[in-house]
Amino acid sequence: MNELKKFIGGILCGILISLSTAAYADKLGEWSLFPVAFKFNNQNVSLGEHDVSLNYEGKTYVPLRFIAEKLGAAVSYDPASSTVSVLYNESNRPVLRDPSYPSVAIGNLKPVKDGEKTRLGGYLLFDSSDEHIQAEQVMQMRIQLTFYDRNQKQIGISTKLITFSGWADNPFEVVPFHVWVEGDMPHYDHAELTILYLGKPLHDFH
């Protein structure tokens with residue numbers, strides 16, 4: 001299982017299935033390893049240990065996860081449906097992550113003022129390589145979002161309890177959610193994500 005998850009972690013753009021069989025290789029034509037250098041904003045960046053780039057009929061194929069994460073996005077793969085999900089922010093900001101839970105990302109937060117409060121809609125992405133997220137189990141996660149202005153002053157905070165219920169058998173996808181925050185959040189500069197809990201459902205969890 002760990003080897004499969006390593007393979008999924010290095011999934012290539014345009015290639016969703018292993019190219020190991022001869023029959024499949026015949027259908028695809030000629031392909032080969034194609035070492036290339038990468039620069040992001042003129043900064044040299046090396047591929048990960050398990051990442052490779054390929055040449056197929058004159059086109060270069062590179063690891064989607066590697067490219068996406070260097071651009072501030074997040075990627076997950078659901079083997080049950082052969083679906084790759086990508087989460088990014090339309091504002092070109094990096095998605096939010098808690099360093100203690102790198103398998104969870106939040107992005108595309110859109111605030112809407114409603115009276116004295118602000119409603120923020122966004123999306124969650126769960127990385128299928130996380131062994132703590134079990135597809136066959138119902139789980140809960142409590143997140144905390146903290147908002148700051150340009151002077152690093154905290155201007156709002158909100159918590160949200162999320163239960164993996166109806167879609168517990170297929171959690172590896174982008175999931176919409178919303179939170180309410182006191183104050184005028186449409187003018188926040190940046191936010192931080194803290195995951196307070198991730199695991200089996202708890203009774204009387206506050």
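Positions are given from 1, in the same order as the sequence printed here. Note that this is a predicted model, so its numbers are computed, not measured.
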How long is the gap from [atom1] on [X] to [atom2] on [Y], to the nearest 0.5 Å?
X: Leu124; Y: Ile143; atom1: CG; atom2: CD1; answer: 5.5 Å
X: Asp149; Y: His190; atom1: CG; atom2: NE2; answer: 8.0 Å
X: Phe147; Y: Gln154; atom1: CZ; atom2: CD; answer: 10.5 Å
X: Met141; Y: Leu198; atom1: CE; atom2: CG; answer: 6.5 Å
X: Lys160; Y: Phe177; atom1: NZ; atom2: CZ; answer: 8.5 Å
X: Tyr123; Y: Ile106; atom1: OH; atom2: CD1; answer: 13.0 Å

Side chains of [X] and [Y] in contact at under 4.5 Å (non-hydrogen atoms):
X: Tyr77; Y: Ser82; result: yes
X: Leu64; Y: Val86; result: yes
X: Leu33; Y: Leu54; result: yes
X: Leu47; Y: Val52; result: no
X: Tyr188; Y: Pro111; result: yes

Is it true that [X] and [Y] fall in one hydrophobic cluster, defined by side-chain heavy atoms closer than 4.5 Å?
X: Phe40; Y: Val36; answer: yes
X: Ile162; Y: Tyr101; answer: yes
X: Leu120; Y: Tyr148; answer: no
X: Ile155; Y: Leu193; answer: yes

Shortest non-hydrogen contact from [X] toward [Y]:
X: Gly122; Y: Leu109; answer: CA-CD2, 4.0 Å
X: Val179; Y: Ser158; answer: CB-OG, 3.6 Å
X: Val95; Y: Ala74; answer: CG2-CB, 4.1 Å
X: Leu125; Y: Ser76; answer: CD2-CB, 3.7 Å
X: Ala73; Y: Tyr88; answer: CB-CB, 3.9 Å
X: Lys117; Y: Trp180; answer: CB-CE3, 4.0 Å

Donor-acceptor pair, [X] side chain versus [Y] backbone, under 3.5 Å?
X: Asp51; Y: Pro63; result: no
X: Asp98; Y: Ile195; result: yes
X: Ser53; Y: Phe34; result: yes
X: Arg65; Y: Val75; result: yes

Side-chain ion pair, Glu192 and Arg97, N-O less than 4.0 Å |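 No, this pair does not count.
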Would a line drawn from the ring center of Phe38 to the ring center of Phe66 be shorter than 6.0 Å?
->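 Yes: the rings meet the under 6.0 Å criterion.
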Give a yes or no on whether Glu49 atom CD has more than 12 heavy-atom contacts from other residues, nucleotides or ligands under 6.0 Å away.
->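 Open: at most 12 neighbouring heavy atoms sit under 6.0 Å from CD of Glu49.
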Please step through side chain to side chain contact (heavy atoms under 4.5 Å, CB included) for the pair Leu145 and Leu96, ending with a clear verdict.
-> CA-CA 9 Å; Leu145 292 170; Leu96 301 179; 3.9 Å; yes
